[in-house]
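Computed from a prediction, not measured in an experiment: that's the story for all the values here.
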Amino acid sequence: MSTAAATVVDRRAFWLRKLHSLSGVVPVGAFMCFHLFENASAANGPEAFDETVRKINSMPFVLAMEIGVIWIPILFHTLLGFAIIFEGRPNVAAYGHGRNWLYLLQRVTGVLAFLFIAFHFANFRMRKGEFELAPFEDVAAVLSTPWVFWVYLAGIAACVFHFANGLAGFLFSWGLTVGPRAKRLAGLACAGVGAGVFALSMRALFAFV
């Protein structure tokens, strides 16, 4: 491969990683937070949650928005994420520093988040007609199985960690945090964001059980 061709390949890989980082925040991460906020309406009772579901499903072009804003970005982020995972070489055994552990956990939670999203999709999106008949009751019935409840708790935790840690990586990758102090403060802020999102998600989860 010529030097010019290698440069083009390197530049393409650079921008793909930039877009991968961006897509994890917007729209994928933003949608996750919005989705958890919607689900938290369950804490106000079955009627409030059912009304939230009805409002969302009555939005115009809801299917087109799902495909363009949710599923295509998730697919892009997932496929490129797996490529990055296979290219990576975790070295926590030799260098057990905090950042190396975060590097490893980001990849582990990425795989877990993908498996959980597929499980969640099969549970509700593929049963959309049945779910929409009585949304709160349907979710409560699914989560009444103990192992399913624990899968949801662990899956949500993986998704939230992946988002919060990825948000810190996004800020660094896009040059918004420069220097050790800025990275440290951004890491703490992103951890706070993750804790808040996880608390919101638990409020929603336990409302159904």
Main-chain N/O of [Y] paired to [X] side chain as donor or acceptor, under 3.5 Å:
{"X": "Asp50", "Y": "Phe136", "answer": "yes"}
{"X": "Ser21", "Y": "Arg17", "answer": "no"}
{"X": "Thr78", "Y": "Ile74", "answer": "yes"}
{"X": "Ser173", "Y": "Phe170", "answer": "no"}
{"X": "Lys183", "Y": "Thr177", "answer": "no"}

Exercise. If you group Ile, Leu, Val, Met, Phe, Trp and Tyr whenever their side-chain heavy atoms sit less than 4.5 Å apart, what else falls in with Phe172?
Worked result: none

For this session: Start with the C-alpha gap between Phe161 and Leu102, add the side-chain angles, then the distance that decides, and say whether side chain to side chain contact (heavy atoms under 4.5 Å, CB included) holds.
Result: CA-CA 10 Å; Phe161 177 90; Leu102 290 176; 3.9 Å; yes

Assess whether atom [atom1] of [X] is packed by more than 12 heavy atoms of other residues, nucleotides or ligands within 6.0 Å.
{"X": "Phe121", "atom1": "CZ", "value": "yes"}
{"X": "Phe37", "atom1": "CZ", "value": "no"}
{"X": "Lys55", "atom1": "NZ", "value": "no"}
{"X": "Glu132", "atom1": "CD", "value": "yes"}

Problem set entry | Results of side chain to side chain donor-acceptor pair (under 3.5 Å) for Asn165 - residues two or more places apart only | Gln106

Are [X] and [Y] close enough that some pair of their side-chain heavy atoms sits under 4.5 Å apart?
{"X": "Phe131", "Y": "Asn123", "value": "no"}
{"X": "Met32", "Y": "Val197", "value": "yes"}
{"X": "Ser23", "Y": "Leu80", "value": "no"}
{"X": "Val193", "Y": "Phe163", "value": "yes"}
{"X": "Phe31", "Y": "Pro73", "value": "no"}
{"X": "Arg107", "Y": "Ile84", "value": "yes"}

Transitively linked via ILVMFWY side-chain contacts under 4.5 Å: [X] with [Y]?
{"X": "Phe34", "Y": "Val69", "value": "no"}
{"X": "Val25", "Y": "Trp71", "value": "no"}
{"X": "Phe208", "Y": "Phe198", "value": "yes"}
{"X": "Leu36", "Y": "Ile117", "value": "no"}
{"X": "Val209", "Y": "Val142", "value": "yes"}

Find the distance between [atom1] ([X]) and [atom2] ([Y]) and round it off to the nearest 0.5 Å.
{"X": "Arg181", "Y": "Arg184", "atom1": "CZ", "atom2": "CZ", "result": "7.0 Å"}
{"X": "Glu87", "Y": "Phe82", "atom1": "CD", "atom2": "CZ", "result": "14.0 Å"}
{"X": "Leu112", "Y": "Leu105", "atom1": "CG", "atom2": "CG", "result": "10.0 Å"}

What heavy-atom pair brings [X] and [Y] nearest, and what distance separates the two atoms?
{"X": "Ser41", "Y": "Ala48", "value": "O-CB, 3.6 Å"}
{"X": "Leu200", "Y": "Cys33", "value": "CD2-O, 4.5 Å"}
{"X": "Ala43", "Y": "Arg203", "value": "CB-CZ, 3.5 Å"}
{"X": "Met59", "Y": "Met65", "value": "CE-CE, 3.4 Å"}

Exercise. When you look at Val28 and His162, which way does the side chain to side chain contact (heavy atoms under 4.5 Å, CB included) test go after all the steps?
Worked result: CA-CA 11 Å; Val28 177; His162 192 76; over 6 Å; no

For residues 143-160, tabulate all N or O donor-acceptor pairs below 3.5 Å that involve a side-chain atom, not counting sequence neighbours.
residue, atom, partner, partner atom, Å
Ser144, OG, Ala141, O, 2.5
Tyr152, OH, His120, ND1, 2.8

For this session: Take Asp138 and Arg127 through the test side chain to side chain contact (heavy atoms under 4.5 Å, CB included) and record every step on the way to the result.
Result: CA-CA 10 Å; Asp138 189 65; Arg127 299 172 44 254; 2.6 Å; yes

